[in-house]
Colleague: 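I have a structure here, written as structure tokens, and I will follow up with some questions on it.
Hydrogens, waters and symmetry mates are skipped; everything else that's a heavy atom, side chains included, is used. Below, chain A is the first sequence line, B the second, and so on; all start at residue 1. Since the structure is predicted, the reported quantities are computational estimates derived from the model, not experimental observations.
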Number of protein chains: 2
Amino acid sequence: MADGRLARGERTRTAVLDAAVSMASVDGLEAMSLARLAHATEVSKSGLFAHWPDKEALQLAVIARAVHIWTAHVVTPAFAEPRGVRRLWALHERRIEFYASGVLSGGCFFVATQAEFDDRPGPVRDALAAAINDWLFLIKAVAAQAVELGELRPDADVEQVAFEIEAHGHAVVTFSRLLHAEGAAAYGRTAVLERLRSLSPVPGLLPAS
Amino acid sequence: MADGRLARGERTRTAVLDAAVSMASVDGLEAMSLARLAHATEVSKSGLFAHWPDKEALQLAVIARAVHIWTAHVVTPAFAEPRGVRRLWALHERRIEFYASGVLSGGCFFVATQAEFDDRPGPVRDALAAAINDWLFLIKAVAAQAVELGELRPDADVEQVAFEIEAHGHAVVTFSRLLHAEGAAAYGRTAVLERLRSLSPVPGLLPAS
DNA sequence: AAAATTACCGACCGATCGGTCTTTTTGTGT
DNA sequence: ACACAAAAAGACCGATCGGTCGGTAATTTT
């Protein structure tokens, strides 16, 4: 039941989306032109319209693909760690490693697109906001688990902790990209690590430095 | 010795730059088109080229104007506070108030433009990086003063502190804009306040909540 | 009053934007 | 060999992009 035509279409579709996520991590999702995307993927521009009706639909597909990549590189590996503060820390650590890995030539898809669409209402903005919200919800849920397990102090404000983790993760990208502060990753790591250690009755679960 | 022609030119020039800073805080510095800027300021598009040779020169002028606005609304008021941890805190607080004030319709010029140019080499990127570097240098200098005055622990890492303050200030904008988390300002305030209190031998200098 | 300077405008240019239409290639069933 | 469908290509469209050009109105200098 393998239709080679459909398979071919699926292949180019994901190839285009992967290239688009990388390209959007550099230029942004709106500044990425269809002509350049088509050229980079060795597909004709009209070939893109064979897969998505317009640019907006493609942008939404790109966001979904970016979420998939993020999940595969950050969330899934972090969930190999046991529940609690170790998993919470792993989320942050994996994120920073993902940035350093160079999988996306622009560093981070979401950092690049967030500022671009925060004042531009529409489905694309909504999808981006939903993706970020899901990520924050995940952090909060893992942090809440850590509280339940007694690995974070019971009076820890998980909303506050999620804000700070996200802020430092975001800052690692902006610092290391615009300025060429190669120490950004270390600062981002230290900030969250010290914070979690100060909130945890069992700091031995976290790495030393 | 007042040349009315030069005065007129200076008036429209600053009017255009003010509008451009606001517009760029929404759309970004490259996505801002000259036709729209000209229309918004009731100047003809060719009128813009009478003042700046090309878009890049205008972008550089816009950055200088944004620095000026930032200095007037954030730095100068904060320097009314006495040297040390109070001034350091005031820098963060004034920044958050500036965001909430709605002076710039897009929230923050630098947040909007940073991600846009971090992978786009050239004079505009260099100017943006220089502006951010100056801001970080200022934070570090004020923090170092606080250490000297004994208002921050002598082993406090001013580079690390500057990273965290900038990260939380930045996050206030991104959180309150894309998501409509109205609590963002409170999280950003709490994060830095608690951090400074924990680093200060004289936490009484800082506000209570 | 003439000349020079400054600010600014409307018309226009080539290039590129997102998007449409028609046609060709590629693979699947009979 | 055939019809059929999915994928992709190519030519093309109106709108908009940054930028140029010739010219005009206002003001200052001579």
Colleague: More than 12 heavy atoms of other residues, nucleotides or ligands under 6.0 Å from CZ of Arg83(B): is that the case?
Modeller: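 No.
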
Colleague: Can you tell me how far C1' of dG19(D) sits from CD of Gln59(B), to the nearest Å?
Modeller: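 Atom-to-atom, Gln59(B) to dG19(D), this comes out as 14 Å.
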
Colleague: Which of residues 11-33 of chain B have a heavy atom under 4.0 Å from DNA chain D?
Modeller: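 Those residues whose heavy atoms fall under 4.0 Å from DNA chain D, taken from residues 11-33 of chain B in numerical order, are Met32(B), Ser33(B).
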
Colleague: Please pick, from dA8(D), dC17(D), dG19(D), the nucleotide with the shortest atom-to-atom distance to any side-chain atom of Leu34(B).
Modeller: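 Closest of the options to the side chain of Leu34(B): dG19(D).
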
Colleague: Would you say the ring centers of His92(A) and His168(A) fall short of 6.0 Å from each other?
Modeller: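 Centroid distance His92(A)-His168(A): not below 6.0 Å, so no.
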
Colleague: Can you label the angle between the Phe163(B) ring and the Tyr187(A) ring as parallel, tilted or perpendicular, going by 30° and 60°?
Modeller: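 Ring orientation of Phe163(B) relative to Tyr187(A): tilted.
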
Colleague: When you compare the side chain of Leu88(B) with that of Leu152(B), does any pair of heavy atoms fall below 4.5 Å?
Modeller: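 Side-chain contact under 4.5 Å: yes.
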
Colleague: Is there a residue in residues 36-51 of chain B whose heavy atoms reach under 4.0 Å of DNA chain D, and which residues are they?
Modeller: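 Of all residues in residues 36-51 of chain B, the ones placing a heavy atom under 4.0 Å from DNA chain D are Lys45(B), Ser46(B), Phe49(B).
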
Colleague: Quick check: any donor-acceptor pair below 3.5 Å linking the side-chain of Arg5(B) to the base of dT6(C)?
Modeller: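 In this structure, the two groups form no donor-acceptor pair.
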
Colleague: What's the CZ-C1' distance between Arg8(B) and dC8(C), to the nearest Å?
Modeller: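 After rounding, the gap between these two atoms is 7 Å.
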
Colleague: Could Arg95(A) and Phe98(A) be counted as a cation-pi pair, given that NZ or CZ must be under 6.0 Å from the ring centre and within 45° of the axis?
Modeller: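 So Arg95(A) doesn't make the cation-pi contact.
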
Colleague: 5'-most contact on DNA chain D: Pro53(B) or Gly4(B), nearest heavy atom basis?
Modeller: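 Upstream on the strand: Pro53(B).
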
Colleague: In a check of side chain to side chain contact (heavy atoms under 4.5 Å, CB included) between Pro77(B) and each of Glu93(B), Arg94(B), Glu97(B), which one passes?
Modeller: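 Among the candidates, only Arg94(B) passes.
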
Colleague: Give a yes or no on whether Glu42(B) atom CD has more than 12 heavy-atom contacts from other residues, nucleotides or ligands under 6.0 Å away.
Modeller: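 Not more than 12 within 6.0 Å, no.
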
Colleague: Verify the distance criterion only: is there a donor paired with an acceptor across the side chains of Glu81(A) and Trp89(A) at less than 3.5 Å?
Modeller: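 Side-chain D/A pair, Glu81(A) to Trp89(A): absent.
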
Colleague: Over how many whole Å does the gap from Lys55(B) atom NZ to dT16(D) atom P extend?
Modeller: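 It works out to 16 Å between those atoms.
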
Colleague: dA7(C) P sits how many Å from Asp3(B) CG, rounded?
Modeller: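 From Asp3(B) CG to dA7(C) P: 8 Å.
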
